[in-house]
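To keep things clear, I will list the structure first and then write my remarks on it.
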Amino acid sequence: MKRSTKIGIVTSGGDCQGLNAAIRGVGKALFQHIDNVEIFGMYDGYRGLIEGDYKYMEAKDFSGILTQGGTILGTSRQKFIPGKAIVDDAGNDTMPAMLDTYNRLNLDCLVVMGGNGTQKSAKLLMDAGMNIITLPKTIDNDIWGTDTTFGFQSAVDIATNVIDYIHSTASSHSRVFVVELMGRDAGWLTLISGIASGADVVLIPEIPYDMAKIAEAIEWRRKHGSNYTILAVAEGAVSVNDAVLTEDERRAVKESMKHSTISYSIASELESFTGQETRVTVPGHYQRGGPPCPYDRVLATQFGTAAARLILEKKYGYMVGIQGGEIVSVPLVDSASRTKFLPTDHPLIQTARDIGIFFGD
Ligand code: F6P
């Protein structure tokens, strides 16, 4: 009898909406197209692969999870030394343990779902000899090689909703509101939800801001009849002064910050510049929670089924993505090698500027 096809699935890094939809896409398509398939779901990301902690998944495990938030497999952030090793808490290389699980299960391929860090570590697994296919997931939308990632659109919906609701209270109290959105390195989520919700100021990591200019813009708005201002601020937004610092210097500034996050510093500085009462709203992990929006359900299903097709074709070493509306497979070597920052000449930045959104530059 023909040996069965054996697949592992890993969800790694920060969770997001659509992970279960993607797991379901992979599983359903494999059971649909292959007579003899065995699927092993690794618990808590790479931890499951390292410790050999996994679940044998039957066809029924892939039903009823389409709309469920989070990941049924659990996830974790595994430390890694970029380009070198995935390590445990003591700094030991975990590759031998992961290879052992992979080989013991006699896997044909490991499907890894994750963000930028996970793509990089998945490339290390590939270099160590495993057959790997990755799927791009993150609310940050900052993965190279795909126009969008699943989770992103759901987070845009939530972030937009948060700012939509802030308008009325900001207006009632004539206040300035700083709404901090996720995005350490890239401003996609902040820009798009900022446009969608009518934010007045958008601060993103790619465009360093000048606090005095923001204060001037708020003053200008006040003089011209706007009694309140909403700033959509990416958690990774950076001032012009800090933008010129080295990474180490920036880390030191962050550590010495009196406030827990950038928004509180911005709010306190702005309040002293403008004299206008200023409040902060941080939706935080709320942006990553709950059911995926319909767009993400479909996208994650497309990505999952595309991964299954690659497995059928024995085409390994790729990340599934979407470019110009087409589902594509991008060499993992490329997708893992860089971050997709928001280009400062992106047409949406121009759209935002055209309607008067201020970027603090
Ligand atoms: O990478 C996704 C993300 O949600 C970022 O936007 C955010 O900076 C980070 O994860 C938060 O990570 P954690 O869940 O580990 O606090």
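All ligand and atom numbering here is 1-based and tracks the order in the structure. All residue numbers in this chain count up from 1 along the given sequence. The shown structure was predicted, so the numbers you read here are calculated from the model rather than taken from an experiment.
Residue contact check for ligand 1: Gly183 places a non-hydrogen atom closer than 4.0 Å to it.
The six-membered or imidazole ring of Phe40 lies near that of Tyr56, with a centre-to-centre distance under 6.0 Å.
Short contacts between ligand 1 and His285, defined as distances under 4.0 Å to a heavy atom of the residue, involve ligand atoms 13 (P), 14 (O), 16 (O).
In this structure, the protein non-hydrogen atom closest to atom 15 (O) of ligand 1 is Arg77 NE, 2.7 Å. What sits closest to atom 7 (C) of ligand 1 on the protein, heavy atoms only, is Glu235 OE2, 3.2 Å. If you check which protein heavy atom lies closest to atom 5 (C) of ligand 1, you get Asp140 OD2, 3.4 Å.
Counting only non-hydrogen atoms, the option in Gln287, Lys137, Arg288 that gets closest to atom 11 (C) of ligand 1 is Arg288.
In this model, a donor atom of one side chain and an acceptor atom of the other lie less than 3.5 Å apart for Ser154 and Asp296. Looking at Arg221 and Thr229, their side chains do bring a donor and an acceptor atom within 3.5 Å of each other.
A donor-acceptor distance shorter than 3.5 angstrom exists from the side chain of Thr101 to the backbone of Ala97, with no hydrogens or angles considered.
For the pair Lys84 and Phe80, the cation-pi criterion (under 6.0 Å, within 45° of the ring axis) is not fulfilled.
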